[in-house]
Amino acid sequence: MFYITGNDLWRILKSVQDKKLILYGTGVYANEVIKKLQCLDIEVAYCVDDDFSNIEVSIEIRDVYSLLLEKEDFYVFIAKKDRKKCAVMLQEIGLKFYQDFNSIVNARAMHPFIDEFLLDVHLGYTLPFQETVGKGVKIYGDINTAKYTIAILGGSTSDPCNYPWKSWGELLWEYHKKDWAVVVGAVAGYSSSEEVIKLIRDIIPIRPNLIISYSGVNDPLYQYPYVNNYQRFLYNKLCRLKVKDAYGASTIGEQVCYGVTSEISYAERWINNQRIMHSIAKEFDIEYKAFFQPTLYTKCRGESDEEVFLYAEHVGLSDRILYTQQVIEYIKELDLDFIKDATCWLDDYDGLFYDCVHVEELGNKYIAEKIYKYFFERKDEE
Amino acid sequence: MEYLYQINPILNQNVPIIIYGMGGIEKRLFYALLQQNIKVTAFCLKEGQNSNMKKFFNKKVISLQELKEKYQDAYVIILGQSSAEDGEILHNIGIKNIVVENITLKNKGVLFLGE
């Protein structure tokens, strides 16, 4: 079953603008995709494949290697189950993910073809990188020789490994490549609760000079503080395994504990987690700053932003807007020097967002610039 | 996977279909039709509604005037919650085939022909 989301649709339309659309796949699934695209007045020029044993499409088909001979500008969407294998094939031909091809399902910027995450005992999942300090962070520069180390926490908007472009953390590091190290512990889907655990376990031991949390969008996603949806899924499965203890007995029942019930709002939870992280960092003489990030929900939207906003699927839109406004109110009211309202940072720009919360590399460049100016421009002038 | 709603079979018959309005609910309506491979021809701006967009979900955005001039025989889908008002506007410009969605109303799930 092929289901298009609003974000995917926007991405599909943008990718094929002024380009020939070619589908990679010739089976039942590809045929479904063609019918859907026809309803959207999107024409598939032809299909390519590397396996012609189960052809269901009725349009022209060619071998995938024929793409090497294609003279017009084109874009390939993968419409086969084994997307990873198809992506590898297309990359071998010389095509680039996102720029030249994508999966028709989840047609977004997040890389759908790589094994993205590692299982994590405390957080459910984490970054897959093996760095000198262990797994779970991505390091730019050398933390052993760097004069200044910055650690970054957050969610997908700061995640360094899932996109075909540079994260703002990497772009920040590029300001002072020789002297700095930037340690990115931001992971797609993490809320401020995951950041707290990540800070204690993975960031404090590194003893950076500065910790930055760039976050806010994921907090309304999770019903239980400190337990993300993947962890819930995982533990629901695990509790049925009846793992026995050293005495051969299993005393674990089939219910999972998610912690004590909390009545505080998502907005208050985000603020509280920043206060917790700041306190911990302060104990170790590490500077800590949190930025409540900009999104299309409350940004001043130009024409391009408005179009993206229209296409996006807004589950719980009014709740998200309310949450954002509540956090902004808390920030004003509490006036804590370590929390900054950054929701207006990208107000001067239009067309940076490709969905309600994510930006491409140009947007990351502006974020890195804002962060750099906030902390270092005065110091540079001195 | 079963769908949560049924679509009036008349909309499956390769007829021009216009969705009246361009808001969040109209968007959902568009998706409901798309998921069942039903092709929408255009979106029509409601009376008094403005937009700079020439296309919405790759479909033409037309005015009420254009609807009247070029799509008299189209099936125009209106929202249940404003069906009385919208139905009257469309009836006044000569649109005969008005389909009222009621996914958002009590009897969820069935698109039926309005009177």
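A quick note: this is a predicted structure, and the numbers were derived from the prediction, not measured. Throughout, a chain's letter reflects where its sequence line sits, starting with A, and its residues are numbered from 1.
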Quick one: what part of B/Phe30 sits under 4.5 Å from any heavy atom of chain A, side chain, backbone, both or neither?
->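 Contact with chain A involves the side chain of B/Phe30 alone.
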How many angstroms lie between CD1 in A/Ile78 and OH in A/Tyr29, if you round to the nearest 0.5 Å?
->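 Between A/Ile78 CD1 and A/Tyr29 OH, I get 10.5 Å after rounding to 0.5 Å.
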Starting at CG of B/Leu29, measure out to CD1 of B/Ile38 and round the result to the nearest 0.5 Å.
->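 Nearest 0.5 Å value for the CG-CD1 distance: 10.0 Å.
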Would you indicate whether the side-chain heavy atoms of B/His91 and B/Lys96 approach each other to under 4.5 Å?
->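 No, every pair of side-chain atoms sits at 4.5 Å or beyond.
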Residue A/Tyr235 excluded, over 12 heavy atoms near OH under 6.0 Å =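 It does not: A/Tyr235 OH has 12 such atoms or fewer within range.
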Those residues of residues 37-45 of chain A that come under 4.5 Å of chain B on a heavy-atom basis, listed by number, are A/Gln38, A/Cys39, A/Leu40, A/Asp41, A/Ile42
Describe, in one word, how the ring planes of B/Phe43 and B/Phe57 are oriented to each other, choosing from parallel (under 30°), tilted (30 to 60°) and perpendicular (over 60°).
->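 Geometry flag for B/Phe57 against B/Phe43: tilted rings.
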Chain B contacts, top residue of A/Glu306, A/Glu303, A/Lys35, A/Glu307 (heavy-atom pairs, under 4.5 Å) |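 Ranked by contacts with chain B, first place is A/Lys35.
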Quick check, are the ring centers of A/Tyr311 and A/Phe309 under 6.0 angstrom apart?
-> no
Salt-bridge contact B/Glu66-B/Lys68 (side-chain N to carboxylate O under 4.0 Å) |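 No, this pair does not count.
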